[in-house]
Amino acid sequence: MLSIRLGGKAAGRQHTLYAIKSHQVRGAAQKVAFSSTTVASKEKVVILGSGWGGYEVLRGIDKSRYDVTIISPNTYFNFTPLLASCAVGSLEYRCALEPVRRYTPQVKSYQAWCDAIDFKSKTLTCMPATPPLPFEKKPATLADVTTTAYPGTGTPFQLPYDKLIISVGAYAQTFGVPGVKEHGYFLKDVKDARSIRTRILECFEQAAEPLLTDDQRRNILHFCIVGGGPTGVEFGAELHDFLQSDIRKHYPHLATLAKISLYDVAPTILSMFDQGLMQYAEKTFKREGIDIFTSHHVEKIEAGKMHVKEQGEVPFGLLVWSTGLAPNPLIECLTEVEKHPKTGSVITDGHCQLLMKGSTEKSAASDEKPDPVPNPDVWAIGDAAMIQGVMLPATAQVANQKGKYLVKKLNRMLEGQDTSAPFKWRNLGTLAYVGENQALYDRSKSAGGPKPKGAGRMAWLLWRSAYASMALSMRNKILVPTFWLVNWIFGRDLSRF
Ligand SMILES: Cc1cc2nc3c(=O)[nH]c(=O)nc-3n(C[C@H](O)[C@H](O)[C@H](O)COP(=O)(O)OP(=O)(O)OC[C@H]3O[C@@H](n4cnc5c(N)ncnc54)[C@H](O)[C@@H]3O)c2cc1C
């Protein structure tokens with residue numbers, strides 16, 4: 001497991017790892033013979049990623065008739081909407097996880113990163129994401145890789161596929177602000193939630209030290225969030241509830257010194273919501289004592305302080321960075337595919353089929369850009385992909401619906417049934433928790449059907465029931481409401497380990 005500080009550094013580490021791997025692995029990968037005991041007649045379907053898109057495909061694909069393999073550096077699926085609750089102890093971490101190996105032995109699973117895809121030979125190059133084996137000789141050319149915090153065994157392996165589903169998601173966007181990866185915390189994974197929870201409690205223990213002045217305590221208990229989207233807002237709301245309840249009980253003399261500040265370069269927070277709901281969220285935050293600094297530019301982060309263009313130096317004890325998405329390094333190093341110029345996502349056709357760059361030979365005679373060609377055996381879904389000409393939000397809803405669509409398509413292919421229907425997104429609405437048992441619900445921007453929206457207690461009940469019922473396993477359907485109840489009666493657990 002990663003250390004406390006790695007919560008914030010995780011994405012940075014992965015970037016480093018990929019930067020090294022993407023140019024080294026292709027030349028230097030030890031070609032490890034890949035043994036398969038599966039019946040030859042079954043098509044090999046490989047799923048990259050165990051997130052909202054990949055895990056949905058894993059769940060639904062006909063595993064008795066396809067030879068399914070999943071490659072993911074995580075051995076679990078992250079139920080991301082619950083991560084903010086996990087980060088403050090409203091829920092325990094395992095409520096937000098589903099194990100990938102649930103489908104063993106029908107499915108082969110490798111805890112690894114896919115580093116490269118050879119579309120011609122239909123082969124993947126993967127790097128194990130497990131710690132090095134004691135007896136393993138590391139290839140010299142991968143020396144840099146093996147010195148990173150979570151190095152892998154250093155022995156890449158290759159894996160053939162007949163059909164490939166790319167659902168590797170995206171990384172956290174930092175806009176090149178120096179110091180974010182070193183001193184900030186991201187909230188993308190349950191490991192990040194754990195690091196944040198540990199750091200919050202550490203801040204209070206540090207502030208409780210006897211020799212500190214109240215000003216020093218205020219600095220340590222200043223919790224900054226950069227990014228006014230749903231993730232930043234929900235984390236702020238959960239943190240507020242935590243400070244007002246359990247922290248107030250356990251650290252009564254310190255709770256009044258704690259402060260939450262939310263920063264964004266945009267003029268508003270939650271810009272994807274209806275304007276009335278945005279204002280409701282801002283008013284609620286003000287009432288809760290959360291400072292909102294919109295149109296503020298964070299320029300640099302250092303240990304314990306950030307530089308804001310409009311304010312100068314701002315000290316903090318914890319900084320959570322949530323300013324959108326950057327392309328996954330695997331996606332970045334794919335050169336033969338069409339990509340969106342702004343987001344860097346791969347582009348698919350309306351059937352989620354990956355669009356390859358058209359042949360340049362054909363277009364040599366004319367100056368026209370060659371038409372992209374759908375790859376009949378590769379699909380891309382989730383935050384890593386977008387459909388040509390259609391800008392859907394990068395949400396679990398879209399990733400999950402695309403996963404369901406692919407399941408249907410792949411299973412129908414086995415029967416020789418019609419698979420010509422393109423993907424159609426059904427907007428189920430957007431929910432966000434804003435603290436003190438209040439939430440926002442907005443379906444006003446959906447293309448068809450009723451367009452309800454609302455804020456307050458009813459929206460909060462909807463928020464809770466939606467996430468409790470959306471938990472994938474029966475175990476978590478029981479655990480999520482149970483933890484809500486237990487914490488409501490007894491309070492959150494404040495142990496730090
Ligand atoms: C805190 C938080 C709260 C959110 N709340 C909501 C919400 O309430 N509603 C909503 O609709 N959306 C929400 N989202 C957005 C939603 O989680 C994403 O849109 C969704 O996860 C995208 O799904 P995905 O499958 O594309 O990627 P992910 O779910 O990110 O999964 C990507 C998977 O790929 C794996 N991977 C990465 N690189 C590689 C590689 N090289 N090889 C193999 N595997 C790889 C990762 O380990 C991971 O398993 C939230 C996001 C966050 C971070």
Side-chain angles (χ1 to χ4, degrees), residues 10-11 14-15 17-18 21-22 25 46-58 69-87 96-98 100 109-117 124-129 152 159 164-172 186-193 196 227 229-235 238 272 320-322 324-325 327-334 345-346 380-386 392-403 406 425 427-433 439-441 463 466-467 470:
Q14 288 173 356
H15 277 293
L17 197 61
Y18 274 108
K21 283 189 287 184
S22 54
V25 164
V46 179
I47 304 167
L48 300 182
S50 57
W52 277 99
Y55 199 77
E56 188 57 38
V57 177
L58 180 70
T69 300
I70 185 160
I71 309 281
S72 178
N74 291 333
T75 54
Y76 51 80
F77 156 80
N78 261 311
F79 194 100
T80 47
L82 296 181
L83 291 183
S85 305
C86 293
L97 298 180
E98 303 284 350
V100 166
S109 167
Y110 295 101
Q111 189 181 359
W113 282 279
C114 173
D115 271 339
I117 305 172
L124 308 169
T125 302
C126 304
M127 169 66 85
L159 191 63
L164 177 68
I165 289 113
I166 303 173
S167 48
V168 292
Y171 276 39
F186 298 107
L187 182 54
K188 289 279 293 169
D189 184 276
V190 74
K191 291 180 211 119
D192 300 331
I196 290 173
T231 301
V233 166
E234 289 200 336
F235 174 67
E238 292 278 1
M272 69 292 298
V320 172
W321 188 274
S322 164
L325 302 177
N328 182 301
L330 171 67
I331 301 296
E332 275 183 320
C333 70
L334 299 180
S345 325
V346 294
I381 56 175
D383 288 356
M386 61 171 284
L392 295 179
T395 60
Q397 223 183 85
V398 174
N400 184 256
Q401 287 184 26
K402 282 189 178 175
L406 274 195
W425 181 50
N427 185 352
L428 301 174
T430 315
L431 286 161
Y433 181 57
L440 315 177
Y441 173 66
W463 181 87
Y467 289 134
M470 274 167 65

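Read the numbers this way: they start at 1 and go in the same order the structure lists the ligands and their atoms.
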Nearest heavy atom to atom 42 (N) of ligand 1: which of C114, S50, C126, G229 does it belong to?
C114
Do we see a donor-acceptor contact under 3.5 Å between the side chains of D189 and Y76?
yes
In terms of its nearest heavy atom to atom 4 (C) of ligand 1, the top option of T80, I117, L82 is T80
Based purely on interatomic distance, does Y467 place a nitrogen or oxygen under 3.5 Å from a nitrogen or oxygen of ligand 1?
yes
Hey, does W52 come in under 3.5 Å of ligand 1, counting only N/O atoms on both sides?
yes
Check ligand 1 against G51 and write out every atom of the ligand that is under 4.0 Å from a heavy-atom position of the residue.
25 (O), 28 (P), 29 (O), 31 (O), 33 (C), 49 (O)
Any non-hydrogen side-chain atom of V46 less than 4.5 Å from a side-chain atom of I165?
no
Ligand 1 to G53 polar contact by distance, N or O atoms, under 3.5 Å:
yes
By number and element, which atoms of ligand 1 are closer than 4.0 Å to a non-hydrogen atom of I71?
43 (C), 44 (N)
For ligand 1, which atoms have a heavy atom of D383 less than 4.0 angstrom away?
18 (C), 19 (O), 20 (C), 22 (C), 26 (O)
Numbering as shown, the atoms of ligand 1 that approach A399 to under 4.0 Å (heavy-atom distance)
22 (C), 23 (O)
What I'd like to find out is whether the side chain of N74 reaches to under 4.5 Å of the side chain of V100, using heavy atoms alone.
no
Given side chains that start at C-beta, do those of E234 and L431 come closer than 4.5 Å, heavy atoms only?
no
Spacing of NZ belonging to K191 relative to SG belonging to C86, to within rounding of 0.5 Å
14.0 Å
Between A396 and ligand 1, does any nitrogen or oxygen pair lie at a separation below 3.5 Å?
yes
Looking only at non-hydrogen atoms, which of N74, I47, D192 approaches atom 46 (C) of ligand 1 most closely?
N74
So, S85 versus E238: side-chain donor-acceptor pair below 3.5 Å or not?
yes
Which of the numbered atoms in ligand 1 are below 4.0 angstrom from a heavy atom of A394?
19 (O)
What do we get for T231 next to ligand 1 when only non-hydrogen atoms under 4.0 Å count, side chain, backbone, both or neither?
side chain
Interatomic distance, CD1@I331 vs CD1@I166, rounded to 0.5 Å, equals 5.5 Å
Between Q401 and W52, do the side chains contain an N or O donor and an N or O acceptor separated by less than 3.5 Å?
no
Relative to each other, are the rings of Y55 and F77 parallel, tilted or perpendicular (30° and 60° limits)?
parallel
Does ligand 1 have any atom sitting under 4.0 Å from a heavy atom of S72?
yes
Atoms in ligand 1 with a heavy atom of G382 nearer than 4.0 Å:
26 (O)
Side-chain touch L48/I70, heavy atoms, less than 4.5 angstrom
no
How does D115 reach ligand 1, by side chain, by backbone, by both or by neither, if only non-hydrogen atoms under 4.0 Å count?
neither
